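Before any comments, here is the structure.
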Amino acid sequence: MAVDPAREVVRRSLVSRLRDGLPRNGDPRPHFVVCGADALVYTVAEELANAGHRIRLTVIVPPDLRSDVPDLGTLRGIRVVRAERLDERTFRAAGLADAAALALVMPDDVVNLHAALCAQAVEPDLRLVIRMFNSGLGYGVRRLFEDSAVLSDAAMAAPAFVAAALGEVAPTHVRLPGRTVYVARRADVQPEHVICSLTAADGAGRVDVLPAEPAAEAQQPEDLVLAEATGRPAGQTLAAQRLVRARKRRRHPLATFGRAVRAALNRKLGIAVVITLVVTAISGTVLAHAAEVHGFWKSIYVTLLTAVGSSDVEENRNAVAQAAQLVLTIAGLALLPLITAAVVEGMVNARLALARGAVPNDRADHIVVVGLGSVGTRVLRQLVDLGLEVVAIDRRADARGAKVAEQLGVPLIVGDASLEETLRAASVATSKALVVVSTDDVTNLQAALNARAARPGLRVVLRLFDDDFARRVEDAFNIDISRSVSRLAAPAFVAAMLERDVLATIPVDRHALLVAAVRVLGGAPLDGAPLSRVDRALSVRVIGLSAAGAEWVDWAPDPRRVLGAGDRIFVVARRAGLRALVEQATPPAESLLVERAETPGEGRDQRP
């Protein structure tokens, strides 16, 4: 009888893991290791601990872990190792030799690359999941390590922040065999291009994720759907184009000149210049009338010459004319130095503004980005690529994105964004939106509240670590969007470690949906079952089916189609739903082997 190649690969992999794992430590549970130093390490560890798998989890962190990272000791069933360096000695002490996968989520690309090389020296066949900010370096790393996944939390989170700033849906595109799909509002997609619903209102004020397809009368324009990309611009691109056109229409030359003059002049100096000019005009008018000077040009001529001190003593003039002449002469003596001072101060202010990145007061409808770390830099680039005007704020002049801002011509204000004067310097009162993505939750929240005080209707997009806290802040303070970067990115890192058939992760509200291809193995519960058994509302939605041995994918499969060994099912699913589907697609023999490999034996040490 012929042996199913896919089934044989799974069997050998599981047997190999079981054989290799048992002699080394006596604990058959798969061992996973996570290394990190910021909020992402906690979120990835939490996702793994709560993933429903029977695993051993080791987390390696530096001794001086950042204070904003929650206590890893609150997570059940994990072992925490503190080490100064990620080298061979540290990895051997952590038991990396028997690990199934290693996630390197340190915030430094070079540290992650060095750690990956050290880990490969300890365990050459190890599955590596590496966090990389630099996309070029990430491509090289992917080629260097055969069994690896290179992910960027900044790249995954930035589109969500950009779209939120523009009031649009995050432009998530997923490339599948023969088509590209993306997330959009139902109102922005033609009905024939909708693949499945991602969200739908249940009529009781709650939004369901991955619902059954609602009836036509129950469909809402704001519902999110997964649709086939047809070359139409994404919603955020259209929003950016509208904003750019509106800003250009409002830029009248005279108004721009007036705002530039106001920005260059000190308030007190400007008032002095205006008062002197008013006195000069009134005195000149009185003098011309009293001296019986006729004609507009002659009046200007007499006024200006008298103001610059070119007038003679006129004893025969009446008292009114002499008084006007005297006031005009004194005003002229004051006017010339004031004008000189205004010109000098304007030049000095302009040079200082260029040096420190201050923003002219004529900015309007721009977007203020607070925090130029990895996420802020990505957000900055994407906003500029959309043609939008951006102003950046960061505490440090040497922030990661400072050079990027300089290259893109984006003004950078160095200061504390939680202070009102810093936000005023960025003209937040006339801005279109505020995107606060620094790593300090307190600073982020204070900046958001101060910005709202300066402009009550301002759209604020806020980054917070704790997802529950972010939701409560969004409700309590009427913040438009509050998100946790680590929550957006962690599911993708965990999927890369546990589920290698995951093609993409789609953030929907505060949920992470997985796009995956699951192969049905011979003898599995789904072998010989109809496709309709796979599709379950609120859990798993089928979007395509590929027959065994075929490259072509049927993107509108018949639910009555009977599944066979080797068929690949393309689905959008929640994590629990995908895990259940994989179990249904695996034959009982392999399931029993997995159960044995994941269940601690009698008398074995179950401590991490």
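As the structure is a computational prediction, the values presented were derived from the model and not from experiment.
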* Considering all heavy atoms of both residues, which atom of Leu126 and which atom of Ala119 are nearest to each other, and what is their separation? -> CD2-CB, 4.3 Å
* Output, in order, the C-alpha distance, side-chain angles, deciding distance and verdict of side chain to side chain contact (heavy atoms under 4.5 Å, CB included) for Leu545 and Ile569. => CA-CA 5 Å; Leu545 178 66; Ile569 311 170; 4.0 Å; yes
* To do: Locate the shortest heavy-atom distance separating Val162 from Gln382; write the atom from each residue and the value.
  => CG2-OE1, 3.6 Å
* Determine, stepwise, if the pair Phe145 / Leu117 fulfils side chain to side chain contact (heavy atoms under 4.5 Å, CB included). => CA-CA 9 Å; Phe145 302 102; Leu117 294 171; 3.6 Å; yes
* Does Met156 offer a backbone N or O that forms a donor-acceptor pair with the side chain of Arg378 under 3.5 Å? -> no
* Asked: Do the side chains of Val515 and Val181 get nearer than 4.5 Å, heavy atoms only?
  -> no
* Are the side chain of Arg82 and the backbone of Val61 linked by a donor-acceptor contact shorter than 3.5 Å? -> no
* Check: Val44 and Val494 side chains under 4.5 Å, non-hydrogen atoms -> yes
* Do any N or O atoms from the side chain of Thr199 and from the backbone of Leu224 form a donor-acceptor pair under 3.5 angstrom? -> yes
* How long is the span from the CG atom in Leu57 to the CG atom in Leu75, to the nearest 0.5 Å? -> 8.0 Å
* Work out which heavy atom in Val540 is nearest to a heavy atom in Ala573; give both atom names and the distance. => CG2-CB, 3.9 Å
* Asked: Between Asp527 (side chain) and Gly522 (backbone), is there a donor-acceptor pair under 3.5 Å?
  -> no
* Asked: So, the side chain of Asp153 versus the backbone of Ala489: is there a donor-acceptor pair under 3.5 Å, distance only?
  -> no
* Asked: Checking Arg575 side chain against Pro491 main chain: does a donor-acceptor pair fall under 3.5 Å?
  -> yes
* **Close side-chain approach of Asp38 and Thr439, heavy atoms under 4.5 Å** => no
* Got a second to check how far Glu213's CD is from Arg541's CZ, nearest 0.5 Å? -> 4.5 Å
* **Nearest-0.5 Å distance, CG of residue Asp558 to OG of residue Ser532** => 9.0 Å
* To do: Dump the intermediate steps for side chain to side chain contact (heavy atoms under 4.5 Å, CB included) on Asp554 and Arg561, then the final yes or no.
  => CA-CA 11 Å; Asp554 182 2; Arg561 162 78 148 79; over 6 Å; no
* Evaluate the side chain to side chain contact (heavy atoms under 4.5 Å, CB included) criterion for residues Ser438 and Arg463: first the C-alpha distance (whole Å), next the side-chain angles of each, then the deciding distance (0.1 Å), finally the verdict. => CA-CA 7 Å; Ser438 80; Arg463 172 186 182 179; over 6 Å; no
* To do: Determine the minimum heavy-atom distance between Thr90 and Ala83, stating which atoms define it.
  => CG2-CB, 3.5 Å
* Asked: Distance from Leu102 atom CG to Leu86 atom CG, nearest 0.5 Å?
  -> 8.5 Å
* To do: Evaluate the side-chain proximity of Tyr42 to Thr74: yes if any heavy-atom separation is below 4.5 Å, no if none is.
  => yes
* 4.5 Å side-chain heavy-atom contact, Phe493 and Met497 -> no
* Asked: Sequence neighbours excluded, which residues qualify as ring pair (Phe, Tyr, Trp, His ring centres under 6.0 Å) partners of Phe465?
  -> none
* CD1/Ile543 to CZ/Arg179 distance, rounded to the nearest 0.5 angstrom? -> 7.5 Å
* Considering non-hydrogen atoms only, spot the tightest contact between Leu526 and Leu563 and give its length. => O-CB, 3.4 Å
* Asked: Between Asn444 (side chain) and Leu462 (backbone), is there a donor-acceptor pair under 3.5 Å?
  -> no
* **Residue pair Met132 / Leu113, side-chain heavy-atom distance below 4.5 Å** => yes
* How far apart are the closest heavy atoms of Ala37 and Pro107, and which atoms are they? -> CB-CD, 4.1 Å
* CG/Leu464 to CG/Asp441 distance, rounded to the nearest 0.5 angstrom? -> 5.0 Å
* Asked: Just wondering, do Ile78 and Val80 contact through their side chains at under 4.5 Å, heavy atoms?
  -> yes
* Asked: Distance-only, no hydrogens or angles: does the Arg131 side chain make a donor-acceptor pair with backbone N or O of Val105 under 3.5 Å?
  -> yes
* So, the side chain of Asp535 versus the backbone of Val542: is there a donor-acceptor pair under 3.5 Å, distance only? -> yes
* Asked: Do Arg186 and Ser197 have side-chain atoms, one donor and one acceptor, less than 3.5 Å apart?
  -> yes
* Asked: Under 3.5 Å, is there a donor-acceptor pair between the side chain of Asp567 and the main chain of Ala548?
  -> yes
* **Evaluation steps, salt bridge (charged side-chain N to carboxylate O under 4.0 Å, His left out), between Arg127 and Asp147** => CA-CA 5 Å; Arg127 167 74 169 173; Asp147 189 10; 2.9 Å; yes
* Thr180 and Arg175 side chains, donor-acceptor separation under 3.5 Å -> yes
* Asked: Leu128 versus Val141: any side-chain heavy-atom pair under 4.5 Å?
  -> no
* Under 6.0 Å from the CD atom of Glu192, do we count more than 12 heavy atoms belonging to anything else shown? -> yes
